[in-house]
Amino acid sequence: MIERQSSCDDALEPSLLPVEEARRRLFSSLQVVDELQNVYINKALGRVLAADVISPLDVPAQANSAMDGYAISRSSIPNSGEASLAVIGTAWAGQPFSGHVGEGEAVRIFTGGIMPEGTDTVVIQEHVRLAPGDSSGTESIDVDCHVVPGKNVRQAGEDVTRGQAVLQGGRKLQAADIGILASLGIHRVEVIRPLEVAFFTTGDELQSLDEHAIGTDLEPGKLFDSNRYTLAALLAGLQVNVIDMGIVRDDETETRRVLQAAAASADVVITSGGVSAGEADFVTRVFHELGEVSFWKLAMRPGRPLAYGHIGKAAFFGLPGNPVAVMVTFLEFVQPALKYLSGMRDIEPLMLPARCLSRLRKPPGRVEYQRGVMSLDNNGELTVESTGKQGAGRLSSMSKANCLIVIASEADGVLPGDRVHVQPFHGLLPG
Ligand code: AMP
Ligand code: MG
């Protein structure tokens with residue numbers, strides 16, 4: 001009888017590290033980049049703020065009208081009946097009315113016009129009756145008692161108050177944030193410098209795709225190197241500087257040379273393939289020789305062999321070779337780590353509860369990340385269906401999916417109608 005050694009076929013393997021413990025080791029070993037850059041706000045989209053931004057101003061700076069109408073003092077209007085008010089001038093946006101508005105008076109005002117002194121309320125033009133001008137040419141308006149005090153006025157500081165921390169350090173700047181910075185007159189901000197990320201794929205079987213070659217024939221025994229392009233695409237959404245180191249052959253000396261060069265030039269090194277325990281798995285071997293290994297075999301599927309640790313100062317992720325495993329381990333481990341290193345505080349993927357419509361097979365002992373298609377049913381409930389066969393080599397399952405179905409380690413499969421958790425790709429997949 002052949003004595004079986006542990007392998008990725010085993011459901012329960014005591015040497016596999018639980019995902020939670022792996023994440024704890026990962027985050028406790030990472031240090032946020034501490035070099036800052038001062039950038040013009042037009043170049044700051046997607047960058048991570050180094051510190052809180054304190055507002056130097058009230059926004060709006062002065063009370064102004066939210067509508068076209070007439071600025072009045074509410075005390076000019078009786079509590080029943082109507083009042084006739086003399087229109088003594090106009091406040092345009094950008095051209096304030098400079099006089100004082102007394103009892104019985106109004107100023108024609110346009111949206112954005114500064115509220116004249118003596119006024120507290122805007123009556124919209126649709127709610128007044130215009131009375132013909134008197135002999136001196138002064139127009140007047142009739143207003144009734146239904147006017148609500150303070151109506152249609154944007155108060156000074158109602159959006160942002162001076163001294164308020166308006167954006168928090170660790171925030172990845174979005175379009176609205178850039179607008180807020182501009183509205184405060186802040187034209188440059190301190191951000192964390194982008195990470196340098198080096199990556200390469202490994203395998204004698206891999207064939208690269210030349211940018212200009214059309215209809216490239218696949219040589220016998222080879223397969224196109226999809227992982228390098230997937231990784232480049234995943235990294236492209238993350239505002240990091242990438243160093244594509246190509247394909248490294250299954251050769252120990254070559255693997256050592258390229259890994260050392262990558263670790264010397266980048267904050268993070270990512271590889272695909274060669275992390276199992278086979279004869280041709282040189283990444284494992286060289287990493288154990290050169291680096292500090294934090295973990296290597298995880299209780300998850302796909303992604304059982306996921307090597308993590310440091311080579312010199314660089315964080316190293318040796319991802320599996322299978323294309324789906326590359327994506328799943330990237331999304332679950334590499335992406336949160338890159339966000340964390342970049343100084344971002346909001347790094348956890350969104351997890352939503354959903355009702356599963358499919359039967360999902362899975363043995364207990366590992367967390368599984370299956371590919372799903374989620375949608376709202378007729379009752380507005382979030383439901384999810386499997387994309388079908390879940391082999392780690394089927395990249396099309398990732399492309400068909402719009403979420404990952406995360407099934408807890410202890411679960412022994414999922415039955416139709418069971419509750420599961422999903423991670424929507426929207427917001428998870430970069431770009
Ligand atoms: P490995 O872990 O190196 O044995 O890789 C496992 C499997 O993943 C290989 O047999 C290939 O089918 C596949 N694979 C590895 N690297 C790549 C790649 N760069 N692109 C596409 N498939 C790959
Ligand atoms: Mg290989």
Side-chain angles (χ1 to χ4, degrees), residues 5-10 13 15-17 197-211 213 216-236 242-259 262 268-289 291 293 295-309 316-334 366 369 371 389-401:
Q5 297 180 3
S6 66
S7 79
C8 44
D9 248 7
D10 300 340
E13 199 187 327
S15 64
L16 296 183
L17 192 70
V197 180
F199 66 106
F200 59 88
T201 49
T202 67
D204 281 346
E205 75 278 33
L206 301 181
Q207 189 169 322
S208 193
L209 289 166
D210 185 320
E211 188 178 346
T216 311
D217 289 330
L218 192 58
E219 293 162 31
K222 300 259 174 176
L223 59 90
F224 288 120
D225 171 16
S226 67
N227 288 344
R228 202 151 49 86
Y229 301 88
T230 311
L231 280 172
L234 288 166
L235 290 167
V242 294
I243 310 165
D244 181 348
M245 306 194 70
I247 298 172
V248 172
R249 299 289 152 206
D250 290 326
D251 173 88
E252 187 165 339
T253 313
E254 182 68 357
T255 305
R256 185 181 298 112
R257 187 186 66 74
V258 183
L259 252 188
V268 179
V269 178
I270 305 169
T271 64
S272 94
V275 281
S276 297
E279 259 95 283
D281 291 320
F282 294 106
V283 175
T284 315
R285 213 175 300 170
V286 174
F287 176 40
H288 277 84
E289 169 202 317
V293 181
F295 54 80
W296 175 37
K297 292 178 182 173
L298 296 190
M300 69 184 271
R301 195 203 307 255
R304 172 183 176 269
L306 165 60
Y308 169 71
F316 172 73
F317 292 90
L319 308 187
N322 278 313
V324 176
V326 165
M327 288 197 80
V328 169
T329 51
F330 185 95
L331 295 175
E332 299 303 320
F333 283 87
V334 183
R366 296 193 212 173
Y369 298 85
R371 275 69 69 205
K389 290 229 159 56
Q390 297 284 316
R394 294 175 185 249
L395 196 50
S396 62
S397 73
M398 234 12 226
S399 162
K400 280 186 206 139

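In listed order, ligands and their atoms are each counted from 1.
- Within ligand 1, the atoms closer than 4.0 Å to a non-hydrogen atom of Gly273 are 2 (O), 3 (O), numbered from 1 in the order shown.
- Nearest to atom 18 (C) of ligand 1 among the protein's heavy atoms is Asn227 ND2, 3.1 Å.
- In this structure, the protein non-hydrogen atom closest to atom 10 (O) of ligand 1 is Glu205 OE2, 4.0 Å.
- If you look at Phe316 and Phe287, their ring centroids are closer than 6.0 Å.
- Listed for the Gln390 side chain is a donor-acceptor partner under 3.5 Å among the backbone atoms of Arg371.
- The protein heavy-atom contact nearest to atom 22 (N) of ligand 1 is Leu223 CD1, 3.5 Å.
- Between the side chain of Arg285 and the main chain of Val275, no donor-acceptor pair closer than 3.5 Å is present.
- Classification of the Trp296-His288 ring pair by plane angle, with boundaries at 30° and 60°, yields perpendicular.
- Closest approach of Val324 to Arg394, counting heavy atoms only: CG2-O, 3.2 Å.
- Note on Glu252 versus Arg256: salt bridge recorded, some NZ/NE/NH1/NH2 to OD/OE distance being below 4.0 Å.
- Near Thr201, the atoms of ligand 1 lying under 4.0 angstrom from a non-hydrogen atom of the residue are 19 (N).
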Step by step, work out the side chain to side chain contact (heavy atoms under 4.5 Å, CB included) result for Ile270 and Phe330. CA-CA 9 Å; Ile270 305 169; Phe330 185 95; 4.2 Å; yes

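- Considering Pro320, Gly321, Pro305 only, the shortest heavy-atom separation from atom 14 (N) of ligand 1 involves Gly321.
- Of all atoms in ligand 1, numbered sequentially from 1 with element shown, those under 4.0 Å from a heavy atom of Phe224 are 20 (N), 21 (C).
- Among all non-hydrogen protein atoms, the one lying nearest atom 4 (O) of ligand 1 is Asp281 OD1, 4.2 Å.
- Residue Ser276 has no N or O atom closer than 3.5 Å to an N or O atom of ligand 1.
- Neither side chain, Arg249 nor Thr202, offers a donor N or O lying under 3.5 Å from an acceptor on the other.
- Protein heavy atom at the shortest distance from atom 19 (N) of ligand 1 is Asp225 OD1, 2.7 Å.
- With hydrogens left out, the protein atom closest to atom 21 (C) of ligand 1 is Ser226 OG, 3.3 Å, a heavy atom.
- Among protein heavy atoms, atom 7 (C) of ligand 1 sits closest to Asn322 OD1, 3.6 Å.
- Contact of the Thr201 side chain with the Leu206 side chain is registered, since non-hydrogen atoms from C-beta on lie closer than 4.5 Å.
- Nearest-heavy-atom check against atom 3 (O) of ligand 1 across Pro323, Gly318, Gly274 picks out Gly274.
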